Amino acid sequence: MGRLWRRELWRLGALVAAGALVGWPFALIGVGIAVGLGLYLFYHLRQLHALQEWLTHHPHDEPPAASGLWGELFDRLYRYQKGQRITQRRLRDTLRRIQESSEAMRDSVVMLDRHGDMEWWNSAAERMLGLQPAHDRGQHITNLLRDPRFVDYFHARAYREPLTLSSPIDENMILQFQITLYGDDERLLMARDITRLHRLEQMRRDFVANVSHELRTPLTVLAGYLETYGDMAELLPDRLARGIGQMQSQTQRMQNLVNDLLLLSRLENDRGGQDDVRLDPASLLEAVRRDAEVLSDGRHRFEVEVEEPRGLLGSEKELHSAVSNLAFNAVRYAGEDSRIVLRWRPWQGGACLEVEDDGEGIDPLHIPRLTERFYRVDKGRSTATGGTGLGLAIVKHVLLRHGARLEIDSRLGEGATFRCIFPAERLTAATAAGEESTLGLPRSGNAR
């Protein structure tokens with residue numbers, strides 16, 4: 001490139017010198033230099049005109065013929081243009097393959113811009129969501145999916161968990177929606193048909209509920225007769241009395257299991273919200289503490305701490321059951337002489353109910369599976385304590401019905417904290433001093 005510039009400067013110098021020599025006999029050296037510069041300018045203007053004509057009218061043709069610096073410039077522009085065409089062709093091919101692969105998918109795919117307007121979708125979206133290219137392109141997604149749950153899900157921008165709804169064109173089709181953020185605040189909406197899985201899950205729920213319900217009557221009869229025989233234990237041989245005692249214990253365990261299964265079935269099948277009332281968490285924790293002290297029989301130390309003045313909107317029965325499950329688990333597994341704290345405090349804009357103990361703790365390896373039905377960290381020990389393996393599953397479903405979530409923090413030898421986190425919309429104004437709560441207890445501060 002330096003050689004071309006030097007050649008161009010020599011060309012300019014030669015034209016200026018030639019013009020001066022021509023004008024020197026006539027004492028018009030300045031005019032001669034001006035003419036030389038004019039010829040040089042004319043040459044460059046001509047090349048600029050050729051460049052403009054080529055880029056405007058014939059960009060796909062060969063570049064104009066030129067020498068020197070202009071020839072090099074034309075060649076470089078042509079190579080750059082050719083590279084851009086190759087890149088664009090590759091991008092078009094890639095985009096076409098993406099669209100073809102999306103078309104081949106059974107799941108719906110909808111591309112949304114940063115405002116939530118629909119830009120593109122595959123044929124599965126037309127079949128599942130009823131999208132029509134002639135009318136719906138450029139429309140906002142909530143104009144099509146108007147279910148309040150989807151609208152809240154879309155605007156909440158918390159897309160870690162999918163949302164399950166009926167199709168807007170067929171209420172018998174169950175879809176699972178998942179939104180992913182990408183690019184410049186754009187969104188990719190995917191919808192999967194889970195009708196078959198939903199039906200299988202409903203069959204499982206119905207089966208468990210029906211079997212549990214059918215077991216309740218014979219268990220009640222067995223428990224009644226065993227209680228009668230137990231009252232006559234002093235009249236029976238020791239061996240038979242021990243057998244009746246063991247049968248009573250196992251029957252009670254089966255009744256507890258059936259009751260927990262029926263409660264889980266109800267939590268899964270009911271929408272919730274019908275019995276929501278304004279609760280005083282301090283009174284709720286006091287009631288749970290008294291129940292846990294009875295189960296503990298003096299083997300643990302209990303504390304109640306209230307750091308959040310606001311109340312809680314929810315189902316009294318369900319939340320009492322959830323917190324009781326957490327407190328009873330602490331009694332069963334924390335070890336004797338452990339300190340168990342029931343706490344209500346602010347948390348990330350909302351608030352949380354915590355059950356904390358300083359017992360043996362839980363290996364973090366087990367934490368992701370603790371809310372599964374019948375999952376036990378130590379099967380032998382859990383059976384000995386009389387647990388059903390459903391307590392944390394019940395807690396999880398109660399919290400889901402309240403728009404809350406369960407977090408578990410624990411390390412071996414460092415105790416455990418079970419945290420029920422409620423969003424701000426579930427909180428109510430602070431309870432007035434002396435006001436009776438729904439549990440029939442006055443509001444209290446810290447209790448020991």
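Bear in mind that the values here come from a model prediction, so they are computed numbers and not experimental data.
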Quiz item: Under 6.0 Å from the CD atom of Gln348, do we count more than 12 heavy atoms belonging to anything else shown?
Solution: yes
Practice problem: Please tell me if the side chains of Arg419 and Trp347 come closer than 4.5 Å, counting only heavy atoms from C-beta onward. | Solution: yes
Quiz prompt | Option among Leu370, Thr417, Ile367 that satisfies the side-chain contact (heavy atoms from CB on, under 4.5 Å) test with Ser410 | solution = Ile367
Quiz item: Under 3.5 Å, side chain of His57 to main-chain N/O of Gln52, donor-acceptor pair present?
Solution: no
Exercise. Search all heavy atoms of Cys420 against all heavy atoms of Leu406 and return the closest pair with its distance.
Key: SG-CD1, 4.3 Å
Quiz item: What are the two closest non-hydrogen atoms of Val395 and Ala322, and how far apart are they?
Solution: CG2-O, 3.4 Å
Practice problem: Compute the ring centroids of Phe150 and Phe177, then answer whether they are less than 6.0 Å apart. | Solution: yes
Quiz item: After noting the C-alpha distance and the side-chain angles of Thr195 and Asn172, does the key distance pass the side-chain contact (heavy atoms from CB on, under 4.5 Å) rule?
Solution: CA-CA 8 Å; Thr195 305; Asn172 294 319; over 6 Å; no
Quiz item: Stepwise, does the side-chain contact (heavy atoms from CB on, under 4.5 Å) test hold for Arg301 with Ile340?
Solution: CA-CA 6 Å; Arg301 294 172 287 113; Ile340 299 174; over 6 Å; no
Quiz prompt | Trp120 CH2: over 12 foreign heavy atoms closer than 6.0 Å | solution = yes
Quiz prompt | Gly403 to Pro423 - nearest heavy-atom pair and separation | solution = O-CD, 3.3 Å
Quiz prompt | Note, Arg343 side chain near Glu303 side chain (heavy atom, < 4.5 Å) | solution = no
Quiz item: Is atom CZ of Arg85 surrounded by more than 12 heavy atoms (other residues, nucleotides or ligands) closer than 6.0 Å?
Solution: yes
Self-check item: CZ on Arg127 to OG on Ser167, rounded to 0.5 Å
Solution: 10.5 Å
Exercise. Find the distance between CD1 (Ile141) and CZ (Arg146) and round it off to the nearest 0.5 Å.
Key: 11.5 Å
Self-check item: Phe422 and Leu399: CA distance, side-chain angles, deciding distance, side-chain contact (heavy atoms from CB on, under 4.5 Å) verdict
Solution: CA-CA 8 Å; Phe422 296 88; Leu399 295 181; 3.9 Å; yes
Quiz item: Listed by chain and number, what are the ring pair (Phe, Tyr, Trp, His ring centres under 6.0 Å) partners of His140, not counting sequence neighbours?
Solution: Phe154
Self-check item: Spacing of CG belonging to Leu353 relative to CG belonging to Leu312, to within rounding of 0.5 Å
Solution: 6.5 Å
Quiz prompt | Neighbour count above 12 (heavy atom, 6.0 Å) for Tyr182 OH | solution = yes
Quiz item: Does the side chain of His300 reach to within under 4.5 Å of the side chain of Arg339, using non-hydrogen atoms?
Solution: no
Practice problem: Can you measure from CD (Glu316) to CG (Asp276) and round to the nearest 0.5 angstrom? | Solution: 11.5 Å
Quiz prompt | Arg96/Asp93 salt bridge by N-O under 4.0 Å criterion | solution = yes
Practice problem: Would you check if the side chain of Asp363 reaches a backbone N or O of His366 as a donor-acceptor pair within less than 3.5 Å? | Solution: no
Quiz item: Side chains of Lys396 and Val398: closer than 4.5 Å at any heavy-atom pair?
Solution: no
Practice problem: May I ask you to check whether over 12 heavy atoms, not counting those of Arg411, lie within 6.0 Å of atom CZ? | Solution: no
Exercise. Run the salt-bridge test on Glu407 and Arg405 with the 4.0 Å N-O cut-off and return the result as yes or no.
Key: yes
Quiz item: Would you say Asp136's side chain and Gln139's backbone share a donor-acceptor pair under 3.5 angstrom?
Solution: no
Practice problem: Test side chain to side chain donor-acceptor pair (under 3.5 Å) on Gln132 and His135 and set out the steps. | Solution: CA-CA 6 Å; Gln132 300 179 9; His135 303 94; 3.0 Å; yes
Quiz item: Taking C-beta and beyond as the side chain, do Leu129 and Val110 meet within less than 4.5 Å on heavy atoms?
Solution: yes
Quiz item: Do you know the tightest heavy-atom contact between Arg278 and Leu313?
Solution: N-CD1, 4.1 Å
Quiz item: Would a distance-only check, ignoring hydrogens and angles, find a side-chain to backbone donor-acceptor pair under 3.5 Å from Ser338 to Gly335?
Solution: yes
Practice problem: Could you tell me whether the side chain of Leu37 reaches within less than 4.5 Å of the side chain of Leu41, counting heavy atoms only? | Solution: no
Quiz item: With respect to Arg345, which candidate in Glu308, Glu354, Glu307 satisfies the salt bridge (charged side-chain N to carboxylate O under 4.0 Å, His left out) definition?
Solution: Glu354
Quiz item: Step by step, would you call His320 with Asp291 a side-chain contact (heavy atoms from CB on, under 4.5 Å)?
Solution: CA-CA 11 Å; His320 187 275; Asp291 295 340; 3.4 Å; yes
Quiz prompt | Arg310 to Trp344 - nearest heavy-atom pair and separation | solution = O-NE1, 3.1 Å
Quiz item: Is the closest side-chain heavy-atom distance between Leu163 and Ile179 below 4.5 Å?
Solution: no
Exercise. Would you please test Gln202 and Asp206 for side chain to side chain donor-acceptor pair (under 3.5 Å) and show each step?
Key: CA-CA 6 Å; Gln202 188 61 46; Asp206 293 342; 3.1 Å; yes
Quiz prompt | Rounded distance [0.5 Å steps], OG1 in Thr87 versus CZ in Arg92 | solution = 10.5 Å
Quiz item: What do you reckon, is CD of Gln84 surrounded by more than 12 foreign heavy atoms closer than 6.0 Å?
Solution: yes
Exercise. Measure the shortest side-chain to side-chain distance between Glu356 and Leu342 over non-hydrogen atoms and say whether it is less than 4.5 angstrom.
Key: no
Quiz prompt | Ionic contact status for Arg106 with Asp193, cut-off 4.0 Å | solution = no
Quiz item: Is the cationic atom of Arg137 (NZ for Lys, CZ for Arg) positioned less than 6.0 Å from the six-membered ring centroid of Trp121 and within 45 degrees of its normal?
Solution: yes
Exercise. Might you confirm whether atom CZ of Arg192 has over 12 heavy atoms from other residues, nucleotides or ligands at distances under 6.0 Å?
Key: no
Self-check item: Partner residues of Phe328 under the ring pair (Phe, Tyr, Trp, His ring centres under 6.0 Å) criterion, sequence neighbours left out
Solution: none
Quiz item: What heavy-atom pair brings Tyr153 and Glu161 nearest, and what distance separates the two atoms?
Solution: OH-O, 3.0 Å
Quiz item: Within a reach of under 6.0 Å around NE2 of His49, are more than 12 heavy atoms found that belong to other residues, nucleotides or ligands?
Solution: no
Quiz item: Checking Asn122 side chain against Val109 main chain: does a donor-acceptor pair fall under 3.5 Å?
Solution: yes
Practice problem: Check for a donor-acceptor pair, side chain of Asp117 on one end and backbone N or O of Asp113 on the other, with a separation under 3.5 Å. | Solution: no
Practice problem: Mind checking the CG-CZ spacing from Asp185 to Arg114? Nearest 0.5 Å is all I need. | Solution: 6.0 Å
